[in-house]
Amino acid sequence: MNENVLEKLKVLAESAKYDVSCASSGTSRSGKKGMIGSAAGWGICHSFAEDGRCISLLKIMLTNNCMYDCAYCINRRSNDLPRATLSVTELVNLTIEFYRRNYIEGLFLSSGVVRSPDYTMERLVRVIKDLRLVHRFNGYIHMKSIPGASQELVNEAGLYADRLSVNIEIPNEKSLQVLAPEKDFKSVFAPMRYIQQGVLQSAEERKRFRHAPRFAPAGQSTQMIVGATADTDKDILRLSSALYQRPTMKRVYYSGFIPVNDYDNRLPALKQPPLVRENRLYQADWLLRFYEFKVDEIVNDAYPELDLEVDPKLSWALRNPHMFPVDINKADYELLLRVPGIGVKSAKMIIVSRRYSRLGSEQLKKIGVVMKKAQYFITCHELAMRTVNELTPENVRHILIQKKGKQFDDRQLTFQFRD
Ligand code: SF4
(Lines give C-alpha, C1' and ligand atoms only; values in the text may rest on other atoms or scores of the structure.)
Protein backbone atom coordinates (compact mmCIF):
# COMPACT_ATOMS: atom_id res chain seq x y z
CA MET A 1 0.00 0.00 0.00
CA ASN A 2 1.13 3.51 -0.81
CA GLU A 3 2.99 5.02 2.21
CA ASN A 4 1.13 8.29 1.86
CA VAL A 5 -2.26 6.58 1.99
CA LEU A 6 -1.12 4.50 4.95
CA GLU A 7 -0.21 7.64 6.87
CA LYS A 8 -3.59 9.17 6.06
CA LEU A 9 -5.30 5.98 7.11
CA LYS A 10 -3.65 6.09 10.55
CA VAL A 11 -4.76 9.69 11.10
CA LEU A 12 -8.30 9.21 9.82
CA ALA A 13 -9.03 5.92 11.55
CA GLU A 14 -7.83 7.48 14.83
CA SER A 15 -10.14 10.45 14.27
CA ALA A 16 -13.13 8.21 13.56
CA LYS A 17 -12.86 6.10 16.69
CA TYR A 18 -15.07 8.29 18.90
CA ASP A 19 -18.20 7.56 16.88
CA VAL A 20 -20.02 4.57 18.39
CA SER A 21 -23.05 4.48 16.10
CA CYS A 22 -21.68 1.84 13.79
CA ALA A 23 -23.62 -1.36 14.43
CA SER A 24 -23.78 -3.43 11.29
CA SER A 25 -27.09 -5.13 11.93
CA GLY A 26 -30.30 -4.71 10.00
CA THR A 27 -29.40 -5.97 6.54
CA SER A 28 -30.04 -9.44 5.22
CA ARG A 29 -28.67 -9.11 1.69
CA SER A 30 -26.63 -12.17 0.80
CA GLY A 31 -23.75 -12.63 -1.64
CA LYS A 32 -24.47 -12.17 -5.36
CA LYS A 33 -22.83 -13.60 -8.40
CA GLY A 34 -20.45 -11.12 -10.00
CA MET A 35 -20.28 -8.95 -6.88
CA ILE A 36 -17.86 -8.95 -4.00
CA GLY A 37 -18.77 -8.89 -0.33
CA SER A 38 -21.87 -9.88 1.54
CA ALA A 39 -23.81 -8.10 4.24
CA ALA A 40 -25.70 -11.19 5.36
CA GLY A 41 -25.87 -12.24 9.00
CA TRP A 42 -23.95 -9.32 10.42
CA GLY A 43 -24.00 -8.33 14.07
CA ILE A 44 -22.57 -5.45 15.98
CA CYS A 45 -19.62 -3.35 14.88
CA HIS A 46 -16.47 -4.18 16.80
CA SER A 47 -18.23 -6.95 18.59
CA PHE A 48 -19.40 -10.44 17.77
CA ALA A 49 -22.10 -11.67 15.43
CA GLU A 50 -24.81 -14.00 16.66
CA ASP A 51 -22.82 -16.89 15.24
CA GLY A 52 -19.75 -15.80 17.22
CA ARG A 53 -17.94 -14.16 14.30
CA CYS A 54 -16.03 -10.98 15.02
CA ILE A 55 -17.38 -8.24 12.80
CA SER A 56 -14.96 -5.85 11.23
CA LEU A 57 -15.83 -2.64 9.47
CA LEU A 58 -13.36 -0.17 8.08
CA LYS A 59 -14.31 2.76 10.28
CA ILE A 60 -12.84 5.83 8.71
CA MET A 61 -13.36 9.48 7.93
CA LEU A 62 -12.95 10.91 4.45
CA THR A 63 -11.26 13.87 6.12
CA ASN A 64 -10.70 15.00 9.69
CA ASN A 65 -10.52 18.63 8.60
CA CYS A 66 -13.62 20.43 9.73
CA MET A 67 -14.89 23.97 9.39
CA TYR A 68 -16.92 23.62 12.60
CA ASP A 69 -15.67 23.94 16.14
CA CYS A 70 -17.91 21.65 18.23
CA ALA A 71 -16.55 21.79 21.79
CA TYR A 72 -16.83 18.02 22.41
CA CYS A 73 -15.07 16.89 19.23
CA ILE A 74 -11.43 15.97 18.80
CA ASN A 75 -11.57 17.07 15.15
CA ARG A 76 -12.82 20.61 15.83
CA ARG A 77 -11.07 23.21 13.73
CA SER A 78 -9.30 24.89 16.66
CA ASN A 79 -7.46 21.70 17.67
CA ASP A 80 -3.87 21.35 16.63
CA LEU A 81 -3.67 17.75 15.47
CA PRO A 82 -2.46 15.87 12.39
CA ARG A 83 -4.95 16.38 9.57
CA ALA A 84 -5.50 14.25 6.49
CA THR A 85 -7.89 13.94 3.57
CA LEU A 86 -8.33 10.92 1.32
CA SER A 87 -9.38 11.39 -2.26
CA VAL A 88 -12.50 9.52 -3.35
CA THR A 89 -10.34 7.13 -5.38
CA GLU A 90 -7.95 6.50 -2.48
CA LEU A 91 -10.78 5.65 -0.11
CA VAL A 92 -12.53 3.41 -2.63
CA ASN A 93 -9.31 1.55 -3.41
CA LEU A 94 -8.48 1.22 0.27
CA THR A 95 -11.85 -0.35 1.01
CA ILE A 96 -11.60 -2.79 -1.86
CA GLU A 97 -8.01 -3.67 -1.01
CA PHE A 98 -8.87 -4.30 2.64
CA TYR A 99 -11.86 -6.34 1.66
CA ARG A 100 -9.84 -8.51 -0.72
CA ARG A 101 -7.25 -9.06 2.01
CA ASN A 102 -10.05 -10.15 4.29
CA TYR A 103 -9.37 -7.39 6.83
CA ILE A 104 -12.90 -6.01 6.72
CA GLU A 105 -16.44 -6.97 5.86
CA GLY A 106 -17.84 -3.51 5.32
CA LEU A 107 -17.37 0.22 5.63
CA PHE A 108 -18.39 2.79 8.22
CA LEU A 109 -17.81 6.15 6.59
CA SER A 110 -17.98 9.58 8.14
CA SER A 111 -16.33 12.94 7.59
CA GLY A 112 -15.56 16.35 8.97
CA VAL A 113 -17.32 19.16 7.14
CA VAL A 114 -15.22 20.95 4.52
CA ARG A 115 -16.31 23.94 2.44
CA SER A 116 -20.02 23.18 2.93
CA PRO A 117 -22.29 20.32 4.03
CA ASP A 118 -23.20 19.61 0.39
CA TYR A 119 -19.60 19.65 -0.84
CA THR A 120 -18.67 17.06 1.80
CA MET A 121 -21.79 14.99 1.30
CA GLU A 122 -21.26 14.90 -2.45
CA ARG A 123 -17.79 13.39 -1.97
CA LEU A 124 -19.08 10.80 0.50
CA VAL A 125 -21.78 9.81 -1.96
CA ARG A 126 -19.17 9.44 -4.72
CA VAL A 127 -17.24 6.98 -2.55
CA ILE A 128 -20.16 4.66 -1.92
CA LYS A 129 -21.50 5.03 -5.46
CA ASP A 130 -18.14 4.00 -6.93
CA LEU A 131 -17.92 1.08 -4.53
CA ARG A 132 -21.32 -0.20 -5.58
CA LEU A 133 -21.39 0.62 -9.29
CA VAL A 134 -17.75 0.47 -10.40
CA HIS A 135 -16.38 -2.17 -8.04
CA ARG A 136 -19.63 -4.09 -7.50
CA PHE A 137 -19.02 -4.04 -3.75
CA ASN A 138 -21.88 -5.85 -2.04
CA GLY A 139 -20.66 -5.57 1.58
CA TYR A 140 -22.27 -3.53 4.32
CA ILE A 141 -22.00 0.25 4.09
CA HIS A 142 -22.99 2.61 6.89
CA MET A 143 -22.61 6.25 5.92
CA LYS A 144 -22.96 9.30 8.12
CA SER A 145 -25.10 11.95 6.54
CA ILE A 146 -23.75 15.46 7.02
CA PRO A 147 -26.04 17.82 9.01
CA GLY A 148 -27.37 20.47 6.63
CA ALA A 149 -26.91 18.33 3.48
CA SER A 150 -29.52 18.75 0.73
CA GLN A 151 -32.35 16.31 0.15
CA GLU A 152 -31.04 15.40 -3.32
CA LEU A 153 -27.73 14.18 -1.91
CA VAL A 154 -29.37 12.30 0.98
CA ASN A 155 -31.67 10.66 -1.56
CA GLU A 156 -28.71 9.59 -3.65
CA ALA A 157 -26.80 8.26 -0.63
CA GLY A 158 -29.79 6.10 0.34
CA LEU A 159 -29.53 4.21 -2.94
CA TYR A 160 -26.05 2.90 -2.11
CA ALA A 161 -25.78 2.79 1.71
CA ASP A 162 -27.30 0.04 3.84
CA ARG A 163 -27.69 2.40 6.74
CA LEU A 164 -27.58 6.19 7.00
CA SER A 165 -27.18 8.07 10.23
CA VAL A 166 -27.16 11.64 11.44
CA ASN A 167 -25.75 12.25 14.91
CA ILE A 168 -27.81 14.45 17.23
CA GLU A 169 -24.88 14.49 19.68
CA ILE A 170 -26.51 16.83 22.23
CA PRO A 171 -30.09 16.04 23.33
CA ASN A 172 -31.20 19.60 23.91
CA GLU A 173 -31.08 22.45 21.39
CA LYS A 174 -30.01 25.08 23.94
CA SER A 175 -27.12 22.89 25.09
CA LEU A 176 -26.22 22.22 21.46
CA GLN A 177 -26.05 25.96 20.79
CA VAL A 178 -23.63 26.38 23.69
CA LEU A 179 -21.29 23.59 22.62
CA ALA A 180 -21.74 23.65 18.85
CA PRO A 181 -22.96 27.15 17.94
CA GLU A 182 -22.59 26.48 14.21
CA LYS A 183 -25.17 23.68 14.34
CA ASP A 184 -28.85 23.61 15.16
CA PHE A 185 -31.55 20.95 15.49
CA LYS A 186 -32.97 21.89 12.09
CA SER A 187 -29.76 20.91 10.29
CA VAL A 188 -29.78 17.54 12.11
CA PHE A 189 -33.46 16.69 11.89
CA ALA A 190 -33.91 17.70 8.24
CA PRO A 191 -31.63 14.92 6.86
CA MET A 192 -33.29 12.48 9.27
CA ARG A 193 -36.62 13.39 7.74
CA TYR A 194 -35.23 12.99 4.21
CA ILE A 195 -33.97 9.51 5.08
CA GLN A 196 -37.35 8.56 6.48
CA GLN A 197 -39.14 9.86 3.38
CA GLY A 198 -36.73 7.94 1.15
CA VAL A 199 -37.23 4.66 3.02
CA LEU A 200 -41.02 4.94 3.09
CA GLN A 201 -41.24 6.00 -0.54
CA SER A 202 -39.03 3.13 -1.60
CA ALA A 203 -41.18 0.66 0.37
CA GLU A 204 -44.28 1.96 -1.42
CA GLU A 205 -42.64 1.73 -4.83
CA ARG A 206 -41.45 -1.80 -4.17
CA LYS A 207 -45.02 -2.86 -3.46
CA ARG A 208 -45.91 -1.82 -7.02
CA PHE A 209 -42.66 -2.59 -8.83
CA ARG A 210 -40.70 -5.54 -7.51
CA HIS A 211 -37.40 -4.24 -8.83
CA ALA A 212 -37.70 -0.64 -7.61
CA PRO A 213 -34.43 0.31 -5.85
CA ARG A 214 -34.18 -0.16 -2.11
CA PHE A 215 -33.37 2.87 0.01
CA ALA A 216 -31.15 2.46 3.09
CA PRO A 217 -32.56 -1.01 3.83
CA ALA A 218 -31.07 -1.07 7.34
CA GLY A 219 -32.80 2.23 8.20
CA GLN A 220 -31.17 5.00 10.18
CA SER A 221 -29.50 5.47 13.54
CA THR A 222 -28.19 8.34 15.63
CA GLN A 223 -25.89 9.00 18.55
CA MET A 224 -26.08 11.18 21.65
CA ILE A 225 -23.18 12.16 23.86
CA VAL A 226 -23.84 11.54 27.53
CA GLY A 227 -22.38 13.76 30.24
CA ALA A 228 -21.06 16.67 28.16
CA THR A 229 -23.98 18.84 29.32
CA ALA A 230 -26.26 18.99 32.36
CA ASP A 231 -29.10 17.31 30.41
CA THR A 232 -30.73 14.58 32.47
CA ASP A 233 -31.42 10.97 31.59
CA LYS A 234 -35.06 12.05 31.32
CA ASP A 235 -34.13 14.56 28.59
CA ILE A 236 -32.09 11.95 26.75
CA LEU A 237 -34.60 9.11 26.98
CA ARG A 238 -37.58 11.29 26.11
CA LEU A 239 -35.81 12.27 22.91
CA SER A 240 -34.92 8.63 22.21
CA SER A 241 -38.51 7.58 22.79
CA ALA A 242 -39.75 10.24 20.35
CA LEU A 243 -37.18 9.09 17.79
CA TYR A 244 -38.30 5.48 18.09
CA GLN A 245 -41.83 6.58 17.14
CA ARG A 246 -40.39 7.24 13.69
CA PRO A 247 -40.72 4.12 11.58
CA THR A 248 -37.17 4.13 10.20
CA MET A 249 -35.19 4.86 13.40
CA LYS A 250 -33.47 1.59 14.28
CA ARG A 251 -31.03 2.51 17.01
CA VAL A 252 -30.06 5.38 19.25
CA TYR A 253 -26.50 5.06 20.52
CA TYR A 254 -25.24 6.61 23.73
CA SER A 255 -21.64 7.65 23.97
CA GLY A 256 -20.20 8.52 27.37
CA PHE A 257 -18.47 11.87 27.01
CA ILE A 258 -14.72 11.49 26.57
CA PRO A 259 -12.96 14.66 27.71
CA VAL A 260 -10.76 15.13 24.66
CA ASN A 261 -10.71 18.94 24.85
CA ASP A 262 -10.18 19.53 28.55
CA TYR A 263 -9.03 23.11 27.94
CA ASP A 264 -12.58 24.15 27.00
CA ASN A 265 -14.40 25.66 29.99
CA ARG A 266 -17.82 24.92 28.51
CA LEU A 267 -17.19 21.23 29.17
CA PRO A 268 -17.35 19.37 32.49
CA ALA A 269 -14.11 18.33 34.16
CA LEU A 270 -14.39 14.56 34.00
CA LYS A 271 -11.69 12.22 35.15
CA GLN A 272 -13.13 9.44 33.05
CA PRO A 273 -16.14 8.89 30.74
CA PRO A 274 -19.48 8.19 32.52
CA LEU A 275 -19.54 4.55 31.50
CA VAL A 276 -21.94 3.31 34.20
CA ARG A 277 -24.46 5.93 33.15
CA GLU A 278 -23.96 5.03 29.49
CA ASN A 279 -24.65 1.39 30.32
CA ARG A 280 -27.83 2.26 32.26
CA LEU A 281 -29.06 4.29 29.26
CA TYR A 282 -28.57 1.31 26.98
CA GLN A 283 -30.53 -0.85 29.44
CA ALA A 284 -33.33 1.74 29.55
CA ASP A 285 -33.30 1.94 25.76
CA TRP A 286 -33.74 -1.84 25.68
CA LEU A 287 -36.81 -1.50 27.93
CA LEU A 288 -38.31 1.02 25.50
CA ARG A 289 -37.72 -1.15 22.46
CA PHE A 290 -38.36 -4.68 23.68
CA TYR A 291 -40.13 -4.57 27.05
CA GLU A 292 -43.06 -2.31 26.24
CA PHE A 293 -42.08 0.31 28.81
CA LYS A 294 -43.19 3.90 28.35
CA VAL A 295 -40.42 6.43 28.86
CA ASP A 296 -42.19 8.13 31.79
CA GLU A 297 -42.24 4.84 33.67
CA ILE A 298 -38.44 4.77 33.56
CA VAL A 299 -37.62 8.45 34.08
CA ASN A 300 -39.93 11.31 34.94
CA ASP A 301 -40.02 14.58 36.85
CA ALA A 302 -39.77 12.75 40.19
CA TYR A 303 -36.93 10.49 38.95
CA PRO A 304 -35.10 12.42 36.21
CA GLU A 305 -31.93 10.33 36.49
CA LEU A 306 -31.43 6.58 36.18
CA ASP A 307 -30.27 4.76 39.28
CA LEU A 308 -26.60 3.96 38.83
CA GLU A 309 -26.61 1.17 41.39
CA VAL A 310 -29.38 -0.99 39.97
CA ASP A 311 -30.64 -1.57 36.43
CA PRO A 312 -33.66 0.47 35.25
CA LYS A 313 -36.09 -2.45 35.32
CA LEU A 314 -35.22 -3.37 38.90
CA SER A 315 -35.37 0.31 39.81
CA TRP A 316 -38.90 0.54 38.35
CA ALA A 317 -39.99 -2.63 40.19
CA LEU A 318 -38.70 -1.31 43.52
CA ARG A 319 -40.65 1.90 42.97
CA ASN A 320 -43.80 -0.06 42.15
CA PRO A 321 -44.05 -2.86 44.72
CA HIS A 322 -47.87 -2.85 44.39
CA MET A 323 -47.43 -4.54 40.98
CA PHE A 324 -45.90 -7.60 42.66
CA PRO A 325 -45.76 -10.49 43.28
CA VAL A 326 -46.61 -11.72 39.81
CA ASP A 327 -48.03 -15.24 39.56
CA ILE A 328 -45.80 -16.96 37.03
CA ASN A 329 -48.47 -19.52 36.20
CA LYS A 330 -51.18 -16.97 35.44
CA ALA A 331 -49.70 -13.58 34.49
CA ASP A 332 -49.91 -12.40 30.90
CA TYR A 333 -46.81 -11.84 28.75
CA GLU A 334 -46.68 -8.07 29.33
CA LEU A 335 -46.66 -8.51 33.10
CA LEU A 336 -44.03 -11.26 32.97
CA LEU A 337 -41.79 -8.87 31.06
CA ARG A 338 -41.96 -6.46 33.99
CA VAL A 339 -40.38 -8.93 36.43
CA PRO A 340 -36.69 -8.28 37.17
CA GLY A 341 -34.74 -11.34 36.10
CA ILE A 342 -37.17 -12.33 33.34
CA GLY A 343 -36.12 -11.45 29.80
CA VAL A 344 -38.03 -11.55 26.51
CA LYS A 345 -36.90 -15.09 25.74
CA SER A 346 -37.72 -16.49 29.18
CA ALA A 347 -41.11 -14.73 29.26
CA LYS A 348 -42.01 -16.41 25.96
CA MET A 349 -40.81 -19.78 27.25
CA ILE A 350 -42.85 -19.43 30.44
CA ILE A 351 -46.00 -18.83 28.38
CA VAL A 352 -45.33 -21.99 26.35
CA SER A 353 -44.10 -24.23 29.18
CA ARG A 354 -46.94 -23.56 31.61
CA ARG A 355 -49.42 -25.02 29.12
CA TYR A 356 -48.05 -28.44 30.09
CA SER A 357 -47.46 -28.12 33.83
CA ARG A 358 -47.41 -25.64 36.66
CA LEU A 359 -43.99 -24.06 36.85
CA GLY A 360 -41.81 -24.06 39.96
CA SER A 361 -38.43 -22.55 40.74
CA GLU A 362 -36.44 -25.41 39.18
CA GLN A 363 -38.23 -25.09 35.84
CA LEU A 364 -37.78 -21.33 35.94
CA LYS A 365 -34.04 -21.71 36.43
CA LYS A 366 -33.89 -24.08 33.46
CA ILE A 367 -35.84 -21.59 31.36
CA GLY A 368 -33.16 -18.99 32.13
CA VAL A 369 -34.92 -16.82 34.70
CA VAL A 370 -32.42 -15.08 36.98
CA MET A 371 -33.89 -16.28 40.25
CA LYS A 372 -31.48 -14.20 42.31
CA LYS A 373 -33.56 -11.19 41.27
CA ALA A 374 -36.90 -12.68 40.27
CA GLN A 375 -37.54 -14.51 43.57
CA TYR A 376 -38.62 -11.26 45.29
CA PHE A 377 -41.16 -10.40 42.62
CA ILE A 378 -42.96 -13.65 41.79
CA THR A 379 -45.04 -16.45 43.17
CA CYS A 380 -45.02 -19.85 41.58
CA HIS A 381 -45.55 -23.50 42.33
CA GLU A 382 -43.42 -24.64 45.31
CA LEU A 383 -41.75 -21.30 45.85
CA ALA A 384 -42.04 -20.15 49.42
CA MET A 385 -39.97 -17.00 49.24
CA ARG A 386 -40.53 -13.66 50.86
CA THR A 387 -41.54 -11.10 48.28
CA VAL A 388 -40.67 -7.44 47.90
CA ASN A 389 -43.74 -6.43 49.90
CA GLU A 390 -42.82 -8.53 52.91
CA LEU A 391 -39.15 -7.61 52.81
CA THR A 392 -39.75 -3.95 51.75
CA PRO A 393 -38.20 -2.47 48.56
CA GLU A 394 -35.34 -0.91 50.56
CA ASN A 395 -34.26 -4.29 51.91
CA VAL A 396 -34.52 -6.01 48.52
CA ARG A 397 -32.48 -3.24 47.00
CA HIS A 398 -29.89 -3.63 49.72
CA ILE A 399 -29.71 -7.40 49.21
CA LEU A 400 -29.36 -7.10 45.43
CA ILE A 401 -26.71 -4.43 45.33
CA GLN A 402 -23.43 -6.19 45.10
CA LYS A 403 -20.98 -3.92 46.82
CA LYS A 404 -17.71 -4.63 45.11
CA GLY A 405 -15.83 -1.71 46.59
CA LYS A 406 -17.24 1.77 46.42
CA GLN A 407 -19.05 2.23 43.15
CA PHE A 408 -17.88 5.11 41.04
CA ASP A 409 -20.60 7.73 40.85
CA ASP A 410 -19.86 9.33 37.53
CA ARG A 411 -22.89 11.60 37.63
CA GLN A 412 -21.44 13.60 40.53
CA LEU A 413 -18.37 14.27 38.45
CA THR A 414 -20.44 15.19 35.43
CA PHE A 415 -21.67 18.33 37.10
CA GLN A 416 -18.38 19.60 38.40
CA PHE A 417 -18.18 22.37 35.82
CA ARG A 418 -15.23 24.66 36.12
CA ASP A 419 -15.64 28.36 36.66
S1 SF4 B 1 -19.04 18.90 12.63
FE2 SF4 B 1 -18.52 16.84 13.27
S3 SF4 B 1 -16.36 16.60 12.80
FE4 SF4 B 1 -16.79 18.78 12.73
S5 SF4 B 1 -16.26 19.55 14.76
FE6 SF4 B 1 -18.46 19.09 14.78
S7 SF4 B 1 -18.63 16.96 15.52
FE8 SF4 B 1 -16.49 17.33 14.89
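One-based numbering, in listed order, for ligands and for the atoms of each. Just the heavy atoms: all of them, side chains too, but no hydrogens, waters or symmetry mates, feed the values below.
Residues in residues 165-213 take part in these ring pair (Phe, Tyr, Trp, His ring centres under 6.0 Å) pairs, two or more places apart or across chains: F185-F189.
Listed by chain and number, the protein N, O or S atoms at a distance under 2.8 Å from atom 4 (Fe) of ligand 1 are C66 SG.
Near K183, meaning under 4.0 Å from one of its heavy atoms, ligand 1 places the atoms 1 (S), 6 (Fe), 7 (S).
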task = Give the C-alpha distance, both sets of side-chain angles, the deciding distance and a yes or no for side-chain contact (heavy atoms from CB on, under 4.5 Å) between V396 and F377.
result = CA-CA 10 Å; V396 172; F377 301 94; 4.2 Å; yes
query = Passes side-chain contact (heavy atoms from CB on, under 4.5 Å), L243 versus I168? Steps please.
reply = CA-CA 11 Å; L243 290 167; I168 293 174; 3.5 Å; yes
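Using a distance-only test at 3.5 Å, with no hydrogens or angles considered, no donor-acceptor pair links the side chain of S187 to the main chain of K183.
Counting non-hydrogen atoms of neighbouring residues, nucleotides and ligands closer than 6.0 angstrom, the CZ atom of R206 exceeds 12 such neighbours.
Inter-residue side-chain proximity for N172 and Q177 is flagged as unmet; no heavy-atom pair is nearer than 4.5 Å.
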